[in-house]
Amino acid sequence: MTLEEIHGQEPVPAGHDWMQGAGKALHELLVSAQRRGCLTAGVYESAKLMNVDPDNVAFCVLAADEEDEGDIALQIHFTLIQAFCCENDIDIVRVNDVAKLAAIFGPSEESGEPRDLHCILITNPNEDGWKDPALEKLNSFCEESRNVNDWVPTITLPE
């Protein structure tokens, strides 16, 4: 008997296709949110927005490369952001490739400098009737991950 059978839950789909689908959905969501202006990037900018208007946040992405794993200050920020998201029922995922995120967004429009992509928030998904199927798919992915006690699942973005 498996844990899923004991609790009457369906097992989470295993395999590369399920994770690849979540990665593709995240890519689509980020592109769509950027086009609609529903995206906040940066650890400090995200923390400010979550403090002022947490009901406006629909989804959170935390990103770190291997070299970022040793950055204690960044890890503390991640812990606090994760706790805030869990407390406010905001779905959250991790991405282990900041370079892929940078390729999606490009440089900052204001300065041309690379922007801080360690934390990205998706806001206002339902404004003007905007229903993003990628957001719905990611919400389901996060819910299924929580069913197996993976509270902050890691997603791999497609090439």
Side-chain angles (χ1 to χ4, degrees), residues 2-34 36 38-47 49-50 54-105 115-126 130-159:
T2 66
L3 184 62
E4 289 83 11
E5 292 170 336
I6 292 169
H7 293 290
Q9 301 170 343
E10 292 294 317
V12 174
H16 187 65
D17 292 340
W18 186 61
M19 291 299 289
Q20 190 174 24
K24 185 178 179 193
L26 179 60
H27 183 274
E28 291 170 6
L29 177 63
L30 293 172
V31 169
S32 177
Q34 184 179 28
R36 292 190 53 88
C38 298
L39 188 131
T40 300
V43 172
Y44 296 110
E45 293 82 358
S46 297
L49 177 65
M50 286 191 287
D55 294 335
N56 196 29
V57 178
F59 200 79
C60 179
V61 179
L62 297 178
D65 289 324
E66 281 186 32
E67 59 268 7
D68 294 325
E69 296 300 323
D71 185 343
I72 301 300
L74 182 63
Q75 296 308 316
I76 291 170
H77 285 296
F78 279 5
T79 301
L80 294 172
I81 290 169
Q82 288 174 22
F84 188 88
C85 288
C86 288
E87 187 175 304
N88 288 283
D89 297 323
I90 299 168
D91 286 326
I92 182 171
V93 297
R94 288 189 75 127
V95 172
N96 289 331
D97 197 339
V98 178
K100 284 183 184 177
L101 286 175
I104 293 171
F105 296 116
R115 60 175 105 190
D116 175 13
L117 298 174
H118 289 105
C119 183
I120 300 169
L121 300 179
I122 309 299
T123 57
N124 288 330
N126 296 322
W130 180 46
K131 298 264 190 214
D132 195 309
L135 178 60
E136 292 173 14
K137 184 173 186 175
L138 285 168
N139 288 335
S140 295
F141 171 81
C142 288
E143 184 177 338
E144 291 172 9
S145 295
R146 283 190 300 272
N147 287 338
V148 293
N149 290 325
D150 186 3
W151 294 92
V152 184
T154 300
I155 291 180
T156 303
L157 289 168
E159 297 296 323

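Because only heavy atoms are used, hydrogens play no part in the values below, and waters and symmetry mates are left out as well, while side chains stay in. It should be emphasised that the depicted structure is a prediction, and the values quoted were computed from it without experimental measurement.
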What residues form a side-chain contact (heavy atoms from CB on, under 4.5 Å) with I72, not counting sequence neighbours? I76
Please walk me through it: do L117 and I104 pass side chain to side chain contact (heavy atoms under 4.5 Å, CB included)? CA-CA 11 Å; L117 298 174; I104 293 171; over 6 Å; no
I'd like a table of donor-acceptor pairs (distance under 3.5 Å, sequence neighbours excluded) in which one partner is a side-chain atom from residues 88-95, with atom names and distances.
unit_1: N88; atom_1: ND2; unit_2: F84; atom_2: O; d: 2.9
unit_1: D91; atom_1: OD1; unit_2: R146; atom_2: NH1; d: 2.7
unit_1: D91; atom_1: OD1; unit_2: R146; atom_2: NH2; d: 3.4

Are L101 and L30 close enough, and set up right, to give a side chain to side chain contact (heavy atoms under 4.5 Å, CB included), and what steps lead you there? CA-CA 9 Å; L101 286 175; L30 293 172; 3.5 Å; yes
Within the side chain of K137, is there an N or O that forms a donor-acceptor pair under 3.5 Å with the backbone of A25? no
Which heavy-atom pair separates L62 from C119 by the least distance, and what is that distance? CD2-SG, 3.8 Å
Any side-chain heavy-atom pair from L138 and I155 closer than 4.5 angstrom? yes
With respect to N96, which candidate in L157, T156, T154 satisfies the side-chain contact (heavy atoms from CB on, under 4.5 Å) definition? T154
State, yes or no, whether a side-chain contact exists between L39 and I122 at a heavy-atom distance under 4.5 Å. yes
Partners meeting ring-ring contact (aromatic ring centres under 6.0 Å, His included) with H27 (sequence neighbours left out): none
Would you find more than 12 non-hydrogen atoms of other residues, nucleotides or ligands less than 6.0 Å from E67 atom CD? yes
Indicate yes or no: at least one non-hydrogen side-chain atom of D132 is less than 4.5 angstrom from one of E28. no
L74: partners by side-chain contact (heavy atoms from CB on, under 4.5 Å), with sequence neighbours left out: V43, D68, D71, F78, H118
For the student: nearest non-hydrogen atoms of I81 and C60, plus distance: CG2-SG, 3.9 Å
Mind checking the CG-SG spacing from D150 to C142? Nearest 0.5 Å is all I need. 9.0 Å
Please step through side chain to side chain contact (heavy atoms under 4.5 Å, CB included) for the pair F141 and L26, ending with a clear verdict. CA-CA 11 Å; F141 171 81; L26 179 60; over 6 Å; no
Smallest heavy-atom separation, A41 atom then S46 atom, equals C-OG, 4.4 Å
